[in-house]
Protein chains: 2
Amino acid sequence: MAQTRRERLRLETIEEIKITAWKQIGEQGAASLSLRAIAREMGMTAPGLYRYYKDRDALVTALVMDAFSSFTNRLETGRDAYPVTDHTGRFRGMCRAYFQWAMENPQRYMLLFGTPIQGYLFAEELGPVAQRSFLVLQGVIGEAFVAGKIKGEVVGLKLPTSLKVQYEALRKFGMPYTGTVTQLALSVWSMIHGMTSLYLYNYLAGFLQEGVGAFVEFEIEKMIAIIGLE
Amino acid sequence: MAQTRRERLRLETIEEIKITAWKQIGEQGAASLSLRAIAREMGMTAPGLYRYYKDRDALVTALVMDAFSSFTNRLETGRDAYPVTDHTGRFRGMCRAYFQWAMENPQRYMLLFGTPIQGYLFAEELGPVAQRSFLVLQGVIGEAFVAGKIKGEVVGLKLPTSLKVQYEALRKFGMPYTGTVTQLALSVWSMIHGMTSLYLYNYLAGFLQEGVGAFVEFEIEKMIAIIGLE
DNA sequence: CTCGAATAGTTTACACTGTTTACAGTTTAT
DNA sequence: ATAAACTGTAAACAGTGTAAACTATTCGAG
């Protein structure tokens, strides 16, 4: 017997807690997430939740992990809409997926990449999950690089030795690509994240009413041109 | 008599509240800013603070405004370390100032560009102050453009009409530069903000221990090269 | 200088929050 | 059937922001 009745109920409750939490985050933002409100909506008392999560931070960590895998899955889906040989398409698909996921899940994105909530410190177990999403980006660029499809002048720009040293050190810990690729990936990530978060925090609203999509599209094409993706 | 005794004390108290608030934000982060804690440290009771700020949000707004002007001043100082004819220098100086200010005032930066705290909605009176900091960036690029010192191919990339239309509409509201300049400025802002916030939120720590400075420097030079600043 | 008004601050109170402890009820395994 | 494990509640503690009532101080005008 794989699963007793109680175990099943337990998993369902854990799920219901998270669903209720996301619902409230969607309605009122991540910062005002309240255990008591969750319990209230679930028809139970607040201390009961402590049977499922050690404390508020543990719940937040679980939410962040779920959000990260949803996010990463979306990046992969966007990438895989194009064949493995179409490096430009895969890059474009992934970038679009990034921004679209953020637009559809603004609160979730802020939870991942915004100011840590209420003294919430990045939990230990979160590292690997967070890196997985970066690996998608790095992979797209890395595979293009390996295939010789990155022909922009940026490749020529010599990395300062201080950076090269650090990136090379990472290779001994399993980093699969060269320093140039890592630098490019971090650069692209910064750009996409910058556009996304400026948009989500309403700093672009004064300049672009409905044209944010066009702005992002344009900048994606610019990145492709700069990298020299083929 | 320019200022009565009571008026002087009042201004001093307002100042002391803000100083105390910044002290606590620096120690424990912006999210856990507490009126009661501020009052406690000042040797008074919490409701007393309401004589000076309508509520917690009003205090936050005041803090954000102060932070913005400190930030903007720093950008201007960084820019003005180079003569008006040295557009590249001014751009570089401003970018460096941006990142350095954020590194020295991480909590302040997060307050400006991070997730809005506790249902705190961007206050009305904040718009102009926020835009002033963007105008510095736009001005540096705009002046270079006017002087014909932007010779990169990006200038050639044709803006989609949907974007062009929006930027041109802004010109009737006092926007001093062309659409190309605005697009470039928004792009550069996205990049710097992206690097800065990824760094501040510790997402770069896994890749770059002490080398963040080198990373940012490198990307600044890349932007200069891409824009074709001379 | 005196008196009424404005201001500054305290006390008290309310409605929230996360969390702990002690206890009761239910389910499971032996 | 019984003991152990688990799930939940009730009560309580220490925080929080904020409102109302009240007191003490300071100010400007007569």
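In what follows, every chain begins at residue 1, and chains take the letters A, B, ... in the order their sequences are listed.
- The distance from atom OH of B:Y50 to atom C1' of D:dA19 is 9 Å, rounded to the nearest whole Å.
- The closest side-chain donor-acceptor pair between A:Y201 and B:H193, if any, does not fall under 3.5 angstrom.
- Rounded to whole angstrom, the span from the CG atom of A:L49 across to the P atom of C:dG18 amounts to 9 Å.
- Listed nucleotides: C:dA22, D:dT18, C:dG18. Nearest to the side chain of B:R56: D:dT18.
- Taking the six-membered ring wherever Trp is involved, the centroid distance between the rings of B:Y199 and B:F99 falls below 6.0 Å.
- Out of D:dG15, D:dA19, C:dA22, the shortest distance to the side chain of A:R51 is found at C:dA22.
- Contacts of A:S34 with the nucleic acid, taken as non-hydrogen atoms under 4.0 Å apart, involve only primed sugar atoms and P, OP1 or OP2.
- In summary, the side chains of B:S187 and A:E219 do present a donor paired with an acceptor at a separation below 3.5 Å, with no hydrogens or angles considered.
- Aromatic rings of A:Y167 and B:F207 (six-membered ring for Trp) have centroids beyond the 6.0 Å cut-off, not under it.
- For B:Y203 and A:F113, the distance between ring centers is under 6.0 angstrom.
- Here the C1' atom of nucleotide D:dC6 and the CD1 atom of A:I14 are 13 Å apart, to the nearest Å.
- Counting only heavy atoms from C-beta on, A:R40 has its side chain closest to C:dT17 among C:dT27, C:dT17, C:dT7.
- A straight line from CE of B:M44 to P of D:dA24 spans 17 Å, rounded to a whole angstrom.
- When the P atom of C:dG18 is taken as reference, atom CG of A:D57 falls 11 Å away, rounded to whole Å.
- Proximity note for B:P47 (side chain, C-beta onward) versus D:dT9, D:dG17, C:dT11: the nearest is C:dT11.
- Along DNA chain C, the nucleotide nearest to A:K54 and the one nearest to B:A46 differ in position, and the one closer to the 5' end is contacted by B:A46.
- Straight-line distance from the CD atom of A:Q28 to the P atom of C:dC16: 13 Å, rounded to whole Å.
- Each of A:R6 and B:R36 was matched to the nucleotide of DNA chain C holding its nearest heavy atom; the match closer to the 5' end belongs to B:R36.
- C:dT28 atom C1' lies 10 Å from atom CD of A:E7, rounded to whole Å.
- Straight-line distance from the CZ atom of A:R5 to the C1' atom of D:dA5: 16 Å, rounded to whole Å.
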